[in-house]
There are 2 protein chains.
Amino acid sequence: MRMRSDEAKSAILKVLSESGKPLGASQIVSALLSMGVDLQPRTVRYYLLKLDAQGFTKLVSRRMGREITERGREEISRTNAMARMGIVAAKVDSLGYKMSFNVKDGKGTIIINVSLIDPADFRLAIKEIQLIVNYGFSIGGMMAVAQEGAKLGSVVVPEGSIAIGTVCSVTLNGIFQKEGIPVVSRFGGLLEIKDRKPIRFVNMIEYRGSTLDPLEVFIRADMTRVRSAVLRGSGIVCASFREIPSVALDQIRKVERAMKVHGLGGILAIGRPSQPLFDISVSEGYCGMVVLGGLNPIAAVREAGVRVSIQSLAGLLDFNRLIPVHKYLRHDTGYLE
Amino acid sequence: MRMRSDEAKSAILKVLSESGKPLGASQIVSALLSMGVDLQPRTVRYYLLKLDAQGFTKLVSRRMGREITERGREEISRTNAMARMGIVAAKVDSLGYKMSFNVKDGKGTIIINVSLIDPADFRLAIKEIQLIVNYGFSIGGMMAVAQEGAKLGSVVVPEGSIAIGTVCSVTLNGIFQKEGIPVVSRFGGLLEIKDRKPIRFVNMIEYRGSTLDPLEVFIRADMTRVRSAVLRGSGIVCASFREIPSVALDQIRKVERAMKVHGLGGILAIGRPSQPLFDISVSEGYCGMVVLGGLNPIAAVREAGVRVSIQSLAGLLDFNRLIPVHKYLRHDTGYLE
DNA sequence: GGAATATACGGCAATATTGCCGTATTGTTA
DNA sequence: TAACAATACGGCAATATTGCCGTATATTCC
């Protein structure tokens, strides 16, 4: 298995820049190991020779090893995207920590996705959202709307736009954590649906390895077929995969039922303890759990041809600002006045 | 970077055994990716040819791909140690979930390590434990003792032994999770102490990659020098590394203070947001946190020449069964009667 | 201060990984 | 049913990784 060699070189440069002194290969190996990079000392030396050639490192002596050059430091600043890896995982954990929703009384803040559309497309958009929500491919049936100038989560609605807030699936992380259940968010992916049944993940991006929310990326890349999954029973929907300790299984079911009372849903499947779920292996002692993407209704709006600007993990919103989607259909003409 | 090729082959065999039908290389790649194994399709085919030669797989057709043979299934059963990887992480998460200790009122169950010694060594053992506890290289100053036939955590004390229960550092996971703070346990390691200051981790074992508690392994392997660290200011102590979301920093400090009220401690250092701690890099948006090993006092007992049988993560114990260590010194003669 | 030991290097070559592409099959569509 | 498209294969060779070991330095010890 081979990581890209410039990733390895970048990691080595990072180790040297964080050290105050020259390092030999075996010291660099130790530091890399703590970063999840597993290379042999000889390999590190092989890369160090390449970095020398690029002017990013220089040999102090055969005993003392190498140090980073000024050029090496500039190179790190230039390619600082590396340091941002994993930032979506931090956002997931931060927002999950900050939200305050309590399943017992249905009060508190939840995490939302915010999507901006042209007000002229509102009626069509609500119909599409309703279609997906009714079929069950979302995190329940609640939604928020905000007009230009207003604030929805962390988004201020720009002029000429209307904002739609849907419940983000990371809200489930926060809910479980508030109940003391540890949740490991593994990846966001595209789940294939055939004959109205979920089959397997056809694409996936690890939360730990991404600077963007995976589902947002897939939708922007026009890789979804949510409408088709609903209308024809065959398509591709957004979903994410988590692992939970098997011992918490009963409590998860209880929390799931309590969520439903408040119009929240989204858990598509929970696997058997230590067994694969949709061909995804789970660690021993854990269950896999697949949660539908809170952006599936928005993907459908986009598939229907509406221009949508999407922002996932877009901050917190008090749950009392969300109402059932179908009420926008009844009131939507009046709502816009 | 290269994982051992028999690990790759084993993972491929696992994917095929979990599938009900033949698979081609690119389908195997998808499944491997969900297991954290990143190989190219050509590489998978390279390994498949080797597995063919070993009789573990066979080509169904050039279009349909390969399936596992009966011999392949036997090979998986034979090398089932692979399936047990990660089991300590599940135990950490399970026990953290199950314990009920509440920092506000100091009531509930905590997670303990249990160590068995000869009753004749009790007095010496308590003195060593006291030495380490007073220096601060443990999870506070509380301890439990049980005589033969009694139960301590999940351990029934055998004849001719006396059991010592020390607070396990995973108790901190449970405490933080009960407060809604997600904690990532990264690894258990050996921390070098020089001139009475912690320097860096000289060895480490990832929780996710181990079937045994790393600290238990290091102690059993006689790799600690806890007594020396306390008596001479230079040595090697057990500690573990966690990541917490930066946003939870203030609350962690509050919880830390609340723990101290009840005689619980063990947090050695918390790093700056997104900054390395003791040369260990952390993900963006997280802080590193180093927690001392609950078994450090036991390591010292062992270093002092006492024969000790150690079991870490040895179940739950009601916190009211632990008393401050120094009380065993005062009462220990009477205690044994 | 000199010898021994520990740490680090790079040459050489074996082994592992993977890109490219022509060929072999199966599934789908007209 | 035949043609076409999709999926999978393995040959060939380039590139990456790493084991082995002799040599270059610094640190430590007597």
Side chains of [X] and [Y], donor plus acceptor under 3.5 Å:
X	Y	value
D52(A)	T57(A)	yes
R242(A)	S240(A)	yes
Y135(A)	R196(A)	yes

What is the distance from [atom1] of [X] to [atom2] of [N], rounded to the nearest Å?
X	N	atom1	atom2	answer
Q40(B)	dA8(D)	CD	P	15 Å
L49(B)	dT15(C)	CG	P	18 Å
Q27(A)	dT7(C)	CD	C1'	9 Å
D38(B)	dA16(D)	CG	C1'	15 Å
Y46(B)	dA16(D)	OH	P	17 Å
K9(A)	dT15(D)	NZ	P	14 Å
L48(A)	dG11(C)	CG	P	14 Å
R45(B)	dG10(D)	CZ	P	8 Å

Any chance you could measure R272(B), atom CZ, to L277(B), atom CG, to the nearest 0.5 Å?
11.5 Å

Could you encode protein contacts along nucleotides 22-30 of chain C as a string, one character per nucleotide from 5' to 3', using B for base contact, S for sugar-phosphate-only contact and - for no contact, with a heavy-atom cut-off of under 4.0 Å?
BBSBBS---

R42(A) side chain near dA14(C) phosphate (N/O to OP1/OP2, under 4.0 Å):
no

May I ask you to evaluate whether S26(A) reaches the phosphate of dA8(C), defined as a side-chain N or O under 4.0 Å from OP1 or OP2?
yes

In terms of side-chain geometry, is the basic nitrogen of [X] or [Y] positioned less than 4.0 Å from the acidic oxygen of its partner?
X	Y	answer
E243(B)	R186(B)	yes
K21(A)	E67(A)	no
R71(B)	E75(B)	no

Return the residues of residues 52-59 of chain A meeting this criterion: a heavy atom under 4.0 Å from some atom of DNA chain C. Order them by number, or give none.
L59(A)

By salt bridge (charged side-chain N to carboxylate O under 4.0 Å, His left out) - contacts of R232(A) (at least two apart):
none

E303(A): what forms a salt bridge (charged side-chain N to carboxylate O under 4.0 Å, His left out) with it, not counting sequence neighbours?
none

Can you sort out the partners of K197(A) under side chain to side chain contact (heavy atoms under 4.5 Å, CB included), two or more places apart, ordered by chain and number?
none

Under the rule of Watson-Crick or G-U wobble with both distances under 3.5 Å, where | means paired to another strand and [ ] a crossing pair, DNA chain C maps to ||||||||||||||||||||||||||||||

Between G288(A) and F241(A), which heavy-atom pair has the shortest distance, and what is it?
CA-CZ, 3.8 Å

